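The structure appears below as structure tokens.
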Amino acid sequence: MSHPRADGGTAPDAVVIPSRLEQEYLLRAIESGLRVASVRQLFLWSQGQLQALLPHQLLACLRFGPGGALQRLECLHGTVLDAHAAQALRDPHDGLLLRIARHCMGGGRLPALADFASPDGGGVLHAFSGELGVLGFDNVLVHGTGQTSEGGSVFVLFGLPTRPDGRHAYFLELLVPHLHLALARLPAPRTDGLGAPARSLSARETEIVGWLREGKSNEEMGRILGISALTVKNHLQRIYRTLGVTNRAHALARCMELRLLDNVQPWRLEPESAGRRGDQPCGSLAARRIAS
């Protein structure tokens with residue numbers, strides 16, 4: 001394969017030999033990707049097996065039609081995005097994700113990577129460094145199918161805990177066909193209101209789901225909100241019934257599917273928890289917490 005150079009372009013083929021653990025993560029990611037057929041399953045996949053191989057804060061999946069028109073955009077993340085950041089990223093007409101995808105796909109710049117924390121680390125993506133910095137991301141990795149007769153897909157990873165390099169690009173390239181097929185299998189987004197919960201989540205329930213998304217335990221949420229862990233558990237049980245799910249992971253995935261948290265403002269993190277997520281070597285803390 002062609003690996004990114006330090007300037008974000010591509011270099012001649014270089015050999016990448018995955019470790020035994022990386023081979024195991026890759027196989028698990030491919031196997032679990034074969035079963036993805038809904039936005040909920042795509043979210044769980046992104047926060048589980050994909051995180052183990054390629055830890056990241058946010059994964060964007062964009063699908064284009066034969067003429068280059070954007071057909072679908074999914075923005076998957078295990079932490080809360082404030083409304084301004086969500087709009088800046090996902091705007092279907094001039095959003096940052098759309099512009100990055102078209103910049104890379106249209107110019108034959110796949111794969112592309114950037115580490116804005118390093119001098120001259122922006123490469124072909126240097127024009128986006130200011131906007132990404134405002135949103136709190138200092139690196140990005142982009143890959144995709146390129147344009148085909150049936151359209152194409154582009155996948156953008158933000159916030160890798162270690163500087164993205166050719167090894168990361170290699171693993172993402174191996175996963176691109178599986179990500180592309182998973183995105184193609186998703187049902188068309190609902191526009192008729194079907195599948196909505198019987199009632200809206202209350203302000204407190206939405207707040208609890210937001211902290212759940214941050215990877216907080218019942219005890220931690222109780223301390224933050226000034227209520228008991230038992231009260232948090234009771235709120236969660238009501239949330240499960242409302243959403244028609246049975247556990248924390250599926251509740252969060254259902255909220256993502258219904259976009260119930262798109263406009264939720266982030267809450268202040270406890271000082272001792274801020275910034276820890278980037279220190280985790282394999283997957284996010286939130287992903288492991290919601291899976292427990």
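Keep in mind that this is a model prediction, so the values were computed, not measured.
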Regarding [X] and [Y], does a basic nitrogen lie under 4.0 Å from an acidic carboxylate oxygen?
{"X": "Glu22", "Y": "Arg20", "answer": "no"}
{"X": "Glu24", "Y": "Arg28", "answer": "yes"}
{"X": "Arg99", "Y": "Glu131", "answer": "yes"}

Say you draw a straight line from [atom1] of [X] to [atom2] of [Y]; how long is it, rounded to the nearest 0.5 Å?
{"X": "Leu125", "Y": "Asp115", "atom1": "CG", "atom2": "CG", "result": "11.5 Å"}
{"X": "His143", "Y": "Leu174", "atom1": "NE2", "atom2": "CG", "result": "8.5 Å"}
{"X": "Cys255", "Y": "Ile239", "atom1": "SG", "atom2": "CD1", "result": "7.0 Å"}
{"X": "Leu236", "Y": "Arg241", "atom1": "CG", "atom2": "CZ", "result": "11.0 Å"}
{"X": "Asn139", "Y": "Leu157", "atom1": "CG", "atom2": "CG", "result": "9.5 Å"}
{"X": "Leu50", "Y": "His178", "atom1": "CG", "atom2": "NE2", "result": "10.5 Å"}

Does some side-chain heavy atom of [Y] sit less than 4.5 Å from a side-chain heavy atom of [X]?
{"X": "Phe116", "Y": "Val140", "answer": "yes"}
{"X": "Trp211", "Y": "Leu225", "answer": "yes"}
{"X": "Gln71", "Y": "Phe64", "answer": "no"}
{"X": "Cys75", "Y": "Leu59", "answer": "no"}
{"X": "Leu113", "Y": "Val142", "answer": "no"}
{"X": "Asp138", "Y": "Leu132", "answer": "no"}
{"X": "Pro177", "Y": "His180", "answer": "no"}
{"X": "Ile224", "Y": "Lys216", "answer": "yes"}

For a ring-ring contact (aromatic ring centres under 6.0 Å, His included) check, start with the C-alpha distance between His103 and Phe128, then their side-chain angles and the critical distance, and finish with the verdict. CA-CA 10 Å; His103 176 76; Phe128 304 102; 5.4 Å; yes
Determine whether the side chains of [X] and [Y] contain a donor N or O and an acceptor N or O closer than 3.5 Å.
{"X": "Thr231", "Y": "Asn234", "answer": "no"}
{"X": "Arg163", "Y": "His168", "answer": "no"}
{"X": "Arg248", "Y": "Asn218", "answer": "yes"}

Any sub-3.5 Å donor-acceptor pair from [X]'s side-chain atoms to [Y]'s backbone N or O?
{"X": "His93", "Y": "Asp91", "answer": "no"}
{"X": "Arg223", "Y": "Ala229", "answer": "no"}
{"X": "Gln51", "Y": "Gly48", "answer": "no"}
{"X": "Trp45", "Y": "Val36", "answer": "no"}

Mind listing the closest non-hydrogen atom pair of Leu172 and Phe155 along with its distance? CD2-O, 4.4 Å
Of all the heavy-atom pairs spanning Ser153 and Leu183, show the shortest one and how long it is. OG-CD2, 4.0 Å
Are Tyr240 and His250 near enough that their ring centres are under 6.0 Å apart? no
Do Leu21 and Tyr170 land in one hydrophobic cluster if side-chain heavy atoms of ILVMFWY residues count as linked below 4.5 Å?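 Yes; tracing contacts between hydrophobic side chains, which count when under 4.5 Å, links both residues.
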Could you go through Arg204 and Glu207, starting from their C-alpha distance and side-chain angles, then the distance that decides it, and tell me whether this counts as salt bridge (Lys or Arg N to Asp or Glu O under 4.0 Å)? CA-CA 5 Å; Arg204 175 50 60 89; Glu207 192 174 21; 3.3 Å; yes
Decide if atom CG of Leu230 counts as having more than 12 heavy atoms of other residues, nucleotides or ligands within a radius under 6.0 Å. yes
